[in-house]
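Beneath this line is the structure, given in structure tokens, with notes to follow.
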Amino acid sequence: MSPPAPLYLCGPTASGKSSLAVEIARQADGEVVNADAYQLYRGLETLTAAPTREQREIVPHHLFGVLDPDEGCDAMRFRELALPVIEEVLSRGKLPIVTGGSGLYLKFLTHGPSPLPTGDPAHRERLAALSLNELVERLKHLDPVEAARTDLMNRRYVTRAVEICELSGERCSDLRDRWETITADVGNKLRGIFIQRERADLHQRIHRRSAEMLDGAIEEVAVLGDASETLGMAIGYREVRELLDGGIDRETCVERIRTATRQYAKRQETWFRREAWLKPLVWAPDAAVPLNPALRLAGIRF
RNA sequence: GGCUCGAUAGCUCAGUUGGUAGAGCAGCGGAUUGAAAAUCCGCGUGUCGGCGGUUCGAUCCCGUCUCGAGCCA
């Protein structure tokens, strides 16, 4: 018997999340729910290293390939997609195994959204015309408290804070403080594990996987129509596009994908390390799927 | 075989009129609640090819050797 709450399974890209998720699901009467920003998209299974057809036949998989390439997405939309799916799986007495590496998306799911306005493209376009300095000055004027704790070198964050003030008519800092208070002890009720691999091991896996996926990824990108702004930022998509446009050769393409993937994996590790409620699961190089340690960490009897 | 140029961080290179050196990329660390596979911040990791010489002091000048590129034979 498993507690009636989802199990979160996180880890950097190429750490082996998908195969571990399948094994856990098989043992614990569970179903896999995607928490990966780019595996939500249809038609990019290879590029995004989505679970294989074989894996999906073993246990049910949800939220893979549910978005069209030209659809946009954000953390809130993901939350709204995932919540009913998780509820539905639980209602059938199954264990949802929420698997993915998108830290912000997962955080929206586990900690809920703060009451902030959704980004408005037209408004963002107006803000994009301003210099960073002008944005910073505007934020300092609208909300000095938020300005003092925002990374003022990060244009994205400054833009977002200004946007929140202007769209809501309230102070960004007030809205965010409210959420911080509400979610302070949410982590205590969650259970999740994150896969830890030695850096060199992870790099080797990324190296190998990048080469293996290239042909399939090229095919996927070639038949793809217009990509949404969200999808256009996917690692691999940009590089393969450039390859198809003749800007770079194959070797350069793979190398760039490898580099970008390594850097992404490092950012993921930083994110998950900070999430104190996640229990680390060490997966040694060349070791088999660590099913029993994972079940133990998850508190599942076996 | 002769001549010329080059050899400096993991890679590509800059530099020191002689006082043991710094950029980009890679790498490492961090931030991160509606763009997040995004965005941003911090950190130089080095027998300055080897061995001799000149000098108070050589990565820099001189000699020699090794390796690489080119030119002439």
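Each chain gets a letter, A, B and so on, in the order the sequences are listed, and its residues count up from 1.
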Over 12 non-hydrogen atoms of neighbours within 6.0 angstrom of CD in A/E198: no
Integer angstrom distance from the C1' of B/rG68 to that of B/rG50: 16 Å
Phosphate OP1/OP2 of B/rG34 contacted by A/R79 side-chain N/O (<4.0 Å): no
Proximal nucleotide (of B/rA37, B/rG34, B/rA36) relative to the A/T118 side chain: B/rG34
A/R241 CZ to B/rA37 C1', straight-line distance once rounded to whole Å: 17 Å
A/H203 side chain near B/rC28 phosphate (N/O to OP1/OP2, under 4.0 Å): yes
B/rU59 versus B/rU8 - spacing of their C1' atoms, nearest Å: 8 Å
Pair A/R258 + A/E255: basic N to acidic O under 4.0 Å: yes
Presence of A/Y264 side-chain N/O under 4.0 Å of B/rA36 phosphate oxygens OP1/OP2: no
Between C1' of B/rU39 and CZ of A/R156, the distance in whole Å: 5 Å
Touch class at under 4.0 angstrom, heavy-atom based, for A/R273 against every strand present: sugar-phosphate
Sugar-phosphate only, base, or nothing, as touched by A/G112 at under 4.0 Å among non-hydrogen atoms: base
P-based separation of B/rC11 from B/rU54 [nearest Å]: 34 Å
Euclidean distance for P, B/rC3 against B/rG22 (whole angstrom): 37 Å
CD/A/E242: more than 12 non-hydrogen atoms of other groups inside 6.0 Å: yes
Distance between C1' atoms of B/rC48 and B/rA21 (Å, rounded): 8 Å
Exceeds 12 heavy-atom contacts within 6.0 angstrom, atom CZ of A/R149: yes
Proximal nucleotide (of B/rA36, B/rA31, B/rA35) relative to the A/R160 side chain: B/rA35
Value rounded to 0.5 Å, distance of CG in A/L152 from CG in A/L139: 7.0 Å
Mate of B/rA31 where both pairing distances stay under 3.5 Å, Watson-Crick or G-U: B/rU39
Donor-acceptor pair between A/T270 and A/R273 side chains, under 3.5 angstrom: no
Residue matched to B/rC5 through Watson-Crick or wobble contacts both under 3.5 angstrom: B/rG68
Partner nucleotide, any strand, of B/rC51 [Watson-Crick/G-U, under 3.5 Å]: B/rG63
For atom CD of A/E229 and atom P of B/rA36, their distance in whole Å: 9 Å
Residues A/R171, A/E146: salt bridge by 4.0 Å N-O rule: no
Whole angstrom value for the distance that separates C1' of B/rA35 from CD of A/E125: 14 Å
Sugar-phosphate, base or nothing in reach of A/S114, heavy atoms under 4.0 Å: base
Rounded C1' spacing from B/rG24 to B/rA14 in Å: 11 Å
Nearest listed nucleotide, side chain of A/T259, among B/rA26, B/rA35, B/rA37: B/rA26
Euclidean distance, atom CZ of residue A/R262 to atom C1' of B/rG27 [Å, nearest integer]: 9 Å
Sugar-phosphate only, base, or nothing, as touched by A/Q263 at under 4.0 Å among non-hydrogen atoms: sugar-phosphate
Separation between the C1' atoms of B/rC28 and B/rA9, rounded to whole Å: 14 Å
Atom-pair distance (CD on A/Q39; P on B/rA36), nearest Å: 15 Å
Any-strand Watson-Crick or G-U partner of B/rA23, both distances under 3.5 Å: B/rU12
Sugar-phosphate, base or nothing in reach of A/R238, heavy atoms under 4.0 Å: sugar-phosphate
Presence of A/T261 side-chain N/O under 4.0 Å of B/rA37 phosphate oxygens OP1/OP2: no
Whichever of A/E163 and A/M153 has its nearest RNA chain B nucleotide further upstream toward 5': A/E163
Options B/rA37, B/rC28, B/rA26, nucleotide nearest the side-chain atoms of A/I235: B/rA37
Nearest listed nucleotide, side chain of A/N154, among B/rG34, B/rC40, B/rA36: B/rC40
Below 4.0 Å: OP1/OP2 of B/rG29 and any side-chain N or O of A/R199: yes
Any A/R176 side-chain nitrogen or oxygen under 4.0 Å from OP1 or OP2 of B/rG34: yes
Atom pair NZ/OG1 of A/K107 and A/T183 - distance to nearest 0.5 Å: 7.0 Å
Between B/rA37 (C1') and A/Y105 (OH): distance, integer Å: 10 Å
B/rG29, syn or anti by chi within 90 degrees of zero: anti
Sugar-phosphate, base or nothing in reach of A/T230, heavy atoms under 4.0 Å: sugar-phosphate
For atom CZ of A/R256 and atom C1' of B/rA26, their distance in whole Å: 14 Å
Spacing of the C1' atoms in B/rA7 and B/rC60 (rounded, Å): 14 Å
